Amino acid sequence: MFTEACRKTQRQFLLPGLLSLLLLPATLFAGMQPLADEDMSSVSGAGIAMAFEDFRWMVKPTSYFEQVGAAPAIGATWQRGDLRWYGVNISGAGPGGSHFNEYVGGFGTACDASLLSCPRGGVIPYFSAHDNPYLLRAFSPLGRSFTGAQLNLDPNNPDKSIYEFLAPTQQDDYTMSFWGEIKVDNDPNEILKSQTIIRGNASGSAFRLFQFTEPGNETFAILYHSRLQGDFRFSVSHELGGADAQGTPPRFNDREGMYFRNVDAYIPLGQLYYQALTLDAVGVDGNFELKVPKLPNNSAVWGDFYALRTGDLAGYETARRALSGNFSGNNAGLKNYDVSHGYSHWGDWYPNCRNVTGNLATGCLATGGTRNAYNATNDGVYFSRCGGTPACGNVNAYARRMTAYNVESGAKTFAYYGANPHGIPITGSGAAAQVVTADVNLGDSRIHGLLINHLRFVSCMGSATC
Amino acid sequence: MLIRILLRGLMFSLLCWHFPAQAALPVADAVELPIIGVPGLDMMADEDLGDVTGQALFWSDRIGGNSLTGSITGTGCGAGAENGCSPTAFTFYRMGMDGKLELNMNISKFQLGCGGVNDALNYGVGCDIDIDYLSLMGRTGDRPAGYGNPASNAGVDSSAVLTRPYIELAIKNDNTSTLREVAGIKIGAAFVDGAMSIGRTYGFNERNMENFNAGYTNSNVGSGDNNSPPPNGAGHCNPGAPFGNYQLTCHSGINSFSGFLGTELSAALPVRARVNVAGIMIGLSGTGCVGRLTNPSGVGCAGGYSNSPLYLDLEGTRLNSLLLTHAEVDFNGTGLASIMDAIYAQLYADLRVLHFATLQSGDFFISFQRERVAYPSAGKTPLWSQVPAGNPQWDACGVGAGRPARCNSAYSSTTNTGWWMNVPVAKLRDINPPEINFGDLTLGEALSLLGAPGLRVNNARFDLLTTKNCYGGASAVFC
């Protein structure tokens, strides 16, 4: 939509500028032909597609970016914290890779990047294929404003436009990794080095910028719908020893760490155009707030947001059916349920209900998936001890359940690890019962039907009260 | 000059296309644009840059093994050793943000730690933490905001507040890089203030869709009126049932919980029964009072009732119910009750009947670990010293002599392997349901009231409510 002022401005500046280009020596533009006005009027910009094949982005393991800390204002509970992220890379998840311990003439100890023991891989064949690229574009999608009005009903006469950066709908798994340092109190003797490896992809993610539609708050708005699938590993053990000198990349142990396997997550922050992440200053001390404002109490808006099944007034049945993916029946609003409600799954086995006696009985089983063994390393959340020579000792897993509480004396009665139908080997008995193992699997997890009504983070820097 | 003109033109074209209102502002004539062509920006001199200081948002801390009061490691860490007990002296690294997070959200299914090593805790539920229909919101007193008022939007308009959130790593063998291991991770805050609404309640004869089971019987003490199955039988709700499985079927919510709950409990339970004494039915009616009540006289607990707080330290992995024994309950009433000053009761409650929890705690966290870990408390000082001044009834550590031993430790209650939630201050106060009619009791059942451990009651009707956390009419509860 061009206003008269816009047209005037264009005449004042754009056209003279373009015309001036024409006066430059032709040798500067060898191979280019001038466009006539008629040609220019038929050009419309929609976006930029980015196709990356055989792609890798890698920096030297000694390269970093840093969050520099400062002494806190509130005394001895906390200290200054400096965080560094070194050697960030996005690379392949196939065979062929290297560790962070680069040396003169080499990339570091060789390893297999198809395993979570290896932080850096080769190229990514189809990071974003030519027929499924990353896309940066201006667009005018349908949506609902903060006041409940529908926007962009007429695609030929849009009310509002946005900028969006879209990930491919499908992409190869890749490795994203870095190694880091946590430095406490600016003390070189209080540094913890760690390695983070993510192997998967973020296909389907969307990042959008638009003008917020809340009356009186038409500010810069961000929407981010994050989709992640893959595996995650965090570790701290070094393979070759040596001092923890700041800035020196270690060769991390192949085995040790905390793992999240088979992660599938969707976290929506904001909804077009009625809910968004906004920024603002707070006070005069340099503090800020980042918030998703409260939803308006407007039935058209929250009708879209909640996306309840027709006839479901309380909301429970919509949530229960969505859990099992059962959207049969009246689905007028349900197409938006999966957009406004997030989830995060780590693994694939979850009981669907529990009967009154507390046991998982027929008809109450988990839907699909595999219940993890106590030492499984292919699914869910687990910890592994370090390997190599000398290897770390096995882990002593221990848990107990309180079965009775004596109110008069405060004494508690417990049940412990014991004979179980899953064949988990127990060492010791009674209160001393443990499971001794090199790998401890904590099981699978899911957070489903996540709806963020509102959130706000406000910094308290420089203030003793928060 | 040429570039300046061209870039200015391109910039305005883009503005006109997407933000026509802004582009229409009369800027161009008045401003001599810099080479980068962005109106309204001026170059900063070095002196100006020198005046700019960035404030650090992140803090950190390192807490060495055995460095805090109350640490217990190695062979001292056997059964019965509580706070501060870790088999190995871990080093803890914290990274926190100097800020405050306010949050309101709903989660329809919250399951952590399903399967895995804690299946060795033998039969029962499959997850460390398993909660249906969880809402996080603000609070009013000891209740979620808007509690008890179906038409109120106070819940959805409120927020739970986490002050200075942080992540903490438990590191084993921190001094030897080749043996160094991550043993656990904790996500906490210096202070949490808010409430959770949990689960779902059903109406008469409605089928429980989360916990359907057929074929169980409803056995319990006494005959109790309204304790008969609803028309459609097992799996269907009878909210009028004073106790038992037909009452339990009206609830879904916490299927299992792993963690520590520093709970303050208070209740005024009106009860009625008839005792069969040699064939003669003698009435018994009164109110059992326990804990610190906000208005004791208003709920039948007058006449010298002590109104002292009752604190319960509840902990464990994969809890699905609570059994409180040896509970001495003040009893005010008529008939046989008139000669009873106090009775003893055993209260068994499936966790699904609990529909809210308020959080007002300085050491709230959720963690997962591969072995037992005693994390340092948020304040790193003995827990009794973290009780807010002038508020001795804050929790069990606020009282003077007689407080639990754990209050002398700077460590939180020791976690188990698996997922764990630490809630040092959880208020479950002023439970006051309608009259519980036990029906006809035998003499033996009545006599059990007079001595510990007491008469056992399963799944008594507490009438705890869920809280609406959505906009919409009075029927809209969860979204």
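Residue numbers start from 1 in every chain, and the chains themselves are labelled A, B, ... in the order their sequence lines are given, proteins ahead of strands. Every value quoted in this text rests on a predicted model; they were computed, and no experiment measured them.
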Do the ring planes of B/Tyr166 and A/Trp78 sit parallel (below 30°), tilted (30 to 60°) or perpendicular (above 60°)? perpendicular
Find the one option among B/Leu103, B/Val182, B/Leu134 whose heavy-atom pairs under 4.5 Å with chain A are most numerous. B/Val182
Region of A/Leu313 in contact with chain B, defined by heavy-atom distances below 4.5 Å: both
Beyond-backbone contact of B/Arg62 with A/Asp187, side-chain heavy atoms, under 4.5 angstrom: no
Chain B contact via A/Tyr382 - side chain, backbone, both or neither, heavy atoms under 4.5 Å: neither
Mind listing the closest non-hydrogen atom pair of B/His326 and A/Val407 along with its distance? O-CB, 3.9 Å
Determine the option with the most heavy-atom pairs under 4.5 angstrom with chain A, choosing from B/Glu102, B/Met105, B/Gln369. B/Glu102
Contacting moiety of A/Tyr405, where chain B heavy atoms sit under 4.5 Å: both
Among B/Gly116, B/Gly316, B/Cys114, which residue forms the greatest number of heavy-atom pairs with chain A at distances under 4.5 Å? B/Cys114
Side chain, backbone, both or neither: which part of A/Arg80 has a heavy atom under 4.5 Å from chain B? backbone
With a 4.5 angstrom heavy-atom cut-off, which part of A/Leu83 approaches chain B: side chain, backbone, both or neither? side chain
Measuring heavy-atom distances to chain B, does A/Leu192 have an atom under 4.5 Å in its side chain, in its backbone, in both, or in neither? both
Would A/Glu289 and B/Lys100 satisfy salt bridge (Lys or Arg N to Asp or Glu O under 4.0 Å), going step by step from the backbone distance to the final call? CA-CA 9 Å; A/Glu289 70 171 14; B/Lys100 188 166 56 177; over 6 Å; no
Could you tell me which portion of A/Thr413 (side chain, backbone, both or neither) has an atom closer than 4.5 angstrom to a non-hydrogen atom of chain B? neither
Applying a strict 4.5 Å limit to non-hydrogen atoms, the region of A/Lys183 in contact with chain B is backbone
Quick one: what part of A/Asn253 sits under 4.5 Å from any heavy atom of chain B, side chain, backbone, both or neither? neither
Testing the 3.5 Å rule here: is there a donor-acceptor pair between the side chains of A/Tyr374 and B/Asn118? no
Honestly, the part of A/Ser459 sitting under 4.5 Å from a heavy atom of chain B is both
Side chain, backbone, both or neither: which part of A/Glu239 has a heavy atom under 4.5 Å from chain B? backbone
